[in-house]
Visitor: 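Let me begin by handing over the structure; questions about it come next.
Lettering of chains follows the sequences in order, A, B, ..., and the numbering in each one begins at 1. Since the model is a prediction, treat every value here as computed from it, not as a measurement.
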Amino acid sequence: MDASRLNPRQKEAVFHGDGPLLIVAGAGTGKTRTLAFRIARLVSDGVPPDQILAVAFTNKAADELRGRVRSILRGKGSPPPISTFHSFGVRVLRQDAERLGFKRNFTIYDTSDQLSVMREVARESHVVGRDLDAKKLLWIISRAKNDGVAPDPGDGSDEYRLLAAQLYPRYAAALRAYNALDFDDLLLMTLRLFRDEERVLRAWKKRARHILVDEFQDTNHVQYDLVRLLAGRSGNLTVVGDDDQSIYGWRGAAPGNIHGFVRDWPQTKVITLDQNYRSTCTILTAANAVIENNPHRRPKNLWSDLGEGVPVTVLACRAGEDEASAVVERIVSLIAEKRCRGGDCAVMFRTNAQSRLFEDALRRAGLRYVVIGGMRFYDRKEVRDLVAYLSCLHNPRDEVSLLRILNYPPRGIGRETVHRLQAASLAGGRPLVEVMKGAASVEGVAERQAGAVTGFLARVEEMRRWFRPGSLAEATRRLVGAVGLEEALLRSVKDRDAGHRKVENVREVVSALAAFERGEPRADLGDYLAAANLSGREDESEEPAADSVVLLTVHAAKGLEFRHAFLAGFEEGLFPHERSCLAPGGLEEERRLAYVGMTRAMESLTITYTGERTRWAREVVCEPSRFLAELPEDAVRFEQASAAEGPGDAEDEARIAGEYLARIRSRL
DNA sequence: GACGGAGGTCTTTTT
DNA sequence: GACCTCCGTC
């Protein structure tokens, strides 16, 4: 291990002995590096890797950390398992879920599965309210679960709060009946297990003699409690965080955990990293100027000796399309002039929907690109359908998946039949599959429909036998053929290309499964399903090529860095987003988000905004973001995107862009 | 009773 | 532009 390239403070953190350690590390100060070195140091000091528990928040961050540790160790010792909080929960629950009344082959429900359950629950509970927003109910429930409490009905003035509290027990019961856990349960149930089962906690404490948590400002209460239980009073616990980069308050993160940490472990050693090794001074000055507008902030003095660099560019554009082509134009010339590669350039935006414009522009320019996040591969309908088949085979009680595939492709089991089966299931308190087995005796189900139902079940039984460890991909290929999925897809779509693309996606699942099997030959279907449900971020088939321009949300960009960064859509209502400004502290979080985005840039940073933008098929006039007015004038160069090519009044476009430019200048 | 087509409604960020 | 719901037809 070569620690010579660490600065004194980083070294101190890496070689800190036992006991709690808090590393307060600003953006770009080498916190991942420090953490990686610390893990490697533990391993090379002889700590068995399976006694180290390293946790990151996203799979991407976990991969990154794992890669760094491996390269520091250079084959001397193997890196410890590095998981996300959620995948750690799965590992624990896979062993002991039975103690909580779940079976070990439980299914993980994602947001849309949750939505199905909630709609069902609302229907059964006769909460019919036409425009009942199930998402809102789930949102309230999720926030409560993240805080580790039951949903609070409030004083009755908030209808949704009340309803969420009323429906929550039914929702939880449904999940239990389906042998399914939602994302929040993966944490909450793990915590419950640790609290209730001394033996389980003891066993995991042995495997967590050293705990390291990245992005600690993003932990919620449940995660904090998990860590606290595992680490114990005098734990060997290292956490890294930066409260200026707390951007997950909306999903229950409690950035106060950083300060609570010092309260809970008074003997904590605190090390602050403030030298930035990523960005030019100009970029840092601009980012600091923005974040300084946040009240109640712990002042920080982030500095860099990487030189002035070029000014931050603020680029005024007429409309969303012009913004995209202007950005792409600049990327093209960066690649041409400076010989940087596409992969050195990133376009960041506030919402996933913004990516399409940039994708179009990049395609037109003939540049390769990758979209990180966005529509997840496993979110595509055709992929979900296939995964639902697999899930039913693995966990017959997974009712959401069962209902999804029961009549897909169509096999004569219509809505009425399904309703009758469900009613019988509800009345008898028996799982839907069990009721289906005796479909013929269910009231109101005709012989023909009953035959379709039992025929379907027989088919499922038969297919279940095909799935053995080592033959998962092959069995899935057979399933696709036997069920006629590809034919159904081609039939359902008018556009032939779209149909073929869907077929490709289905085959991609088979390939992904084959790849997964090669990596873990002993894995069963449940292992694959869990991995698919937790990881499904980017398209795994897509290798992050060095010449692909990176498109991603600012959230997804956290922890990453790019030589040339473009931040798009700095407009009021979009960034800061109107929906987040409603919540208390929402604007501050948006500002931290802007800060995170700006501090991704190494050499150049370009921020763009438009005068109008298409938002759900309507042209909306846009005001420049207030964050633009917070930029220090001497670090910034204002420019205006050249009038777009194509039809349109060039003079008019120039005039409009000029007006916006004048307006933003006047605000400074 | 099953199924396909048409219309209305929303889109913040993620495990 | 994607999804859910409703409605008319087979």
Visitor: Any N or O donor-acceptor pair linking the side chain of His577(A) to the base of dT12(B) at under 3.5 Å?
Guide: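 Answer is no: no donor-acceptor pair is held.
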
Visitor: Identify which one of Arg404(A), Arg380(A), Lys502(A) satisfies the salt bridge (charged side-chain N to carboxylate O under 4.0 Å, His left out) criterion when paired with Asp385(A).
Guide: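 Looking at Arg404(A), Arg380(A), Lys502(A), the match for Asp385(A) under the salt bridge (charged side-chain N to carboxylate O under 4.0 Å, His left out) is Arg404(A).
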
Visitor: Students often get this wrong, so: under 4.0 angstrom with heavy atoms, is Glu578(A) touching a base, only sugar-phosphate, or nothing?
Guide: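 Contact class for Glu578(A): none.
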
Visitor: I need the Asp182(A) CG to Leu186(A) CG distance, nearest 0.5 Å.
Guide: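 It is 7.5 Å, given to the nearest 0.5 Å.
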
Visitor: Send over the distance from Asn352(A) CG to dT13(B) C1', rounded to a whole Å.
Guide: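 Distance, rounded to whole Å: 8 Å.
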
Visitor: Please report the distance, rounded to the nearest Å, between CD1 in Ile372(A) and P in dT14(B).
Guide: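 From Ile372(A) CD1 to dT14(B) P: 12 Å.
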
Visitor: Heavy atoms under 4.0 Å, any strand shown: does Lys135(A) hit a base, just sugar-phosphate, or nothing?
Guide: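 Since only primed, P, OP1 and OP2 atoms lie under 4.0 Å of Lys135(A), the category is sugar-phosphate.
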
Visitor: Name the nucleic acid region contacted by Asp184(A), choosing base, sugar-phosphate or nothing; use a 4.0 angstrom heavy-atom cut-off, strictly under.
Guide: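 Contact class for Asp184(A): none.
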
Visitor: Whether Arg94(A) engages the ring of Phe106(A) as a cation-pi pair (distance to the six-membered ring centre under 6.0 angstrom, angle to the ring normal within 45°) should be assessed.
Guide: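 Yes, Arg94(A) lies over the aromatic ring of Phe106(A).
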
Visitor: Of all the heavy-atom pairs spanning Ser625(A) and Pro576(A), show the shortest one and how long it is.
Guide: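 Here Ser625(A) and Pro576(A) meet closest at OG-CD, 3.5 Å.
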
Visitor: Of the nucleotides dC4(C), dG1(B), dT14(B), which has the atom closest to the Glu416(A) side chain?
Guide: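 The listed nucleotide nearest to Glu416(A)'s side chain is dG1(B).
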
Visitor: Just the rounded figure in Å: distance from C1' of dT14(B) to CZ of Arg143(A).
Guide: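 Taking atom C1' of dT14(B) as the reference, CZ of Arg143(A) is at 13 Å.
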
Visitor: With a 4.0 Å limit, can you tell me whether Thr417(A) has a side-chain N or O closer than that to the phosphate oxygens OP1/OP2 of dA2(B)?
Guide: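 Checking dA2(B) against Thr417(A), a side-chain N or O does come within under 4.0 Å of OP1 or OP2.
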
Visitor: Mind checking if Arg592(A) touches a base, just sugar-phosphate, or nothing, with heavy atoms under 4.0 Å?
Guide: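 Result for Arg592(A) = nothing.
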
Visitor: Looking at Asn59(A), I'd like to know whether one of its side-chain N or O atoms comes within less than 4.0 Å of OP1 or OP2 on dT14(B).
Guide: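 No.
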
Visitor: If you measure from the ring centre of Trp250(A) to the centre of the six-membered ring in the base of dT13(B), is it under 5.5 Å, with the planes under 30° apart?
Guide: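 Stacking between Trp250(A) and dT13(B): present.
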
Visitor: Give the rounded distance in Å between these two atoms: NZ of Lys136(A) and C1' of dT9(B).
Guide: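 My rounded result for the distance is 16 Å.
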
Visitor: If you pin Pro410(A) and Thr553(A) to their nearest nucleotides in DNA chain B, which one's is more 5'?
Guide: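 Whichever sits nearer the 5' end wins; that is Pro410(A).
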
Visitor: What is the distance from CG of Leu188(A) to C1' of dT15(B), rounded to the nearest Å?
Guide: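 In whole Å, dT15(B) C1' lies 14 Å from Leu188(A) CG.
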
Visitor: Can you check the Ile247(A) CD1 to dT15(B) P distance for me, whole Å?
Guide: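 So the two atoms are 11 Å apart, to the nearest Å.
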
Visitor: When all nucleic acid strands are considered with a 4.0 Å heavy-atom cut-off, which category describes Tyr248(A): base, sugar-phosphate, or nothing?
Guide: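 The answer is sugar-phosphate, as Tyr248(A) gets under 4.0 Å only of primed atoms, P, OP1 or OP2.
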
Visitor: Between dT5(C), dG1(C), dT12(B), which nucleotide gets closest to the side-chain atoms of Glu590(A)?
Guide: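 Of the candidates, dT12(B) comes closest.
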
Visitor: If you check every side-chain atom of Gln449(A), which of dC4(C), dG1(B), dT13(B) has the closest atom?
Guide: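 Given the options dC4(C), dG1(B), dT13(B), the side chain of Gln449(A) is closest to dG1(B).
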
Visitor: Counting only side-chain heavy atoms from C-beta out, which of dT12(B), dG1(C), dG1(B) sits nearest to Ser580(A)?
Guide: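 Comparing dT12(B), dG1(C), dG1(B) against the side chain of Ser580(A), the answer is dT12(B).
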
Visitor: Are Arg592(A) and Asp243(A) close enough, and set up right, to give a salt bridge (Lys or Arg N to Asp or Glu O under 4.0 Å), and what steps lead you there?
Guide: CA-CA 9 Å; Arg592(A) 290 192 293 269; Asp243(A) 38 14; over 6 Å; no

Visitor: Taking atom P of dC10(B) as reference, at what distance in whole Å does atom CG of Leu115(A) sit?
Guide: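 In whole Å, dC10(B) P lies 14 Å from Leu115(A) CG.
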
Visitor: Could you say whether Ile413(A) or Arg579(A) is positioned toward the 5' end of DNA chain B, judged by the nucleotide with the nearest heavy atom to each?
Guide: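 Per heavy-atom nearest nucleotide, the more 5' residue is Ile413(A).
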
Visitor: Are OP1 or OP2 of dG1(B) and a side-chain N or O of Arg420(A) less than 4.0 angstrom apart?
Guide: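 Yes, within the criterion.
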
Visitor: Base, sugar-phosphate, or nothing for Ser87(A), non-hydrogen atoms under 4.0 angstrom?
Guide: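 No contact at all - Ser87(A) keeps every heavy atom at 4.0 Å or more from the nucleic acid.
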
Visitor: Figure out the CG/P separation between Leu403(A) and dC4(C), and round it to whole Å.
Guide: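 For the pair Leu403(A) CG and dC4(C) P, the rounded distance is 14 Å.
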
Visitor: What are the two closest non-hydrogen atoms of Leu93(A) and Asp185(A), and how far apart are they?
Guide: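 Closest pair (atom of Leu93(A), atom of Asp185(A), distance): CD1-O, 4.3 Å.
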
Visitor: Quick one: is Asn407(A) getting a side-chain N or O under 4.0 Å of the dC3(B) phosphate, OP1 or OP2?
Guide: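 Answer yes for this pair, as a side-chain N or O of Asn407(A) is under 4.0 Å from OP1 or OP2.
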
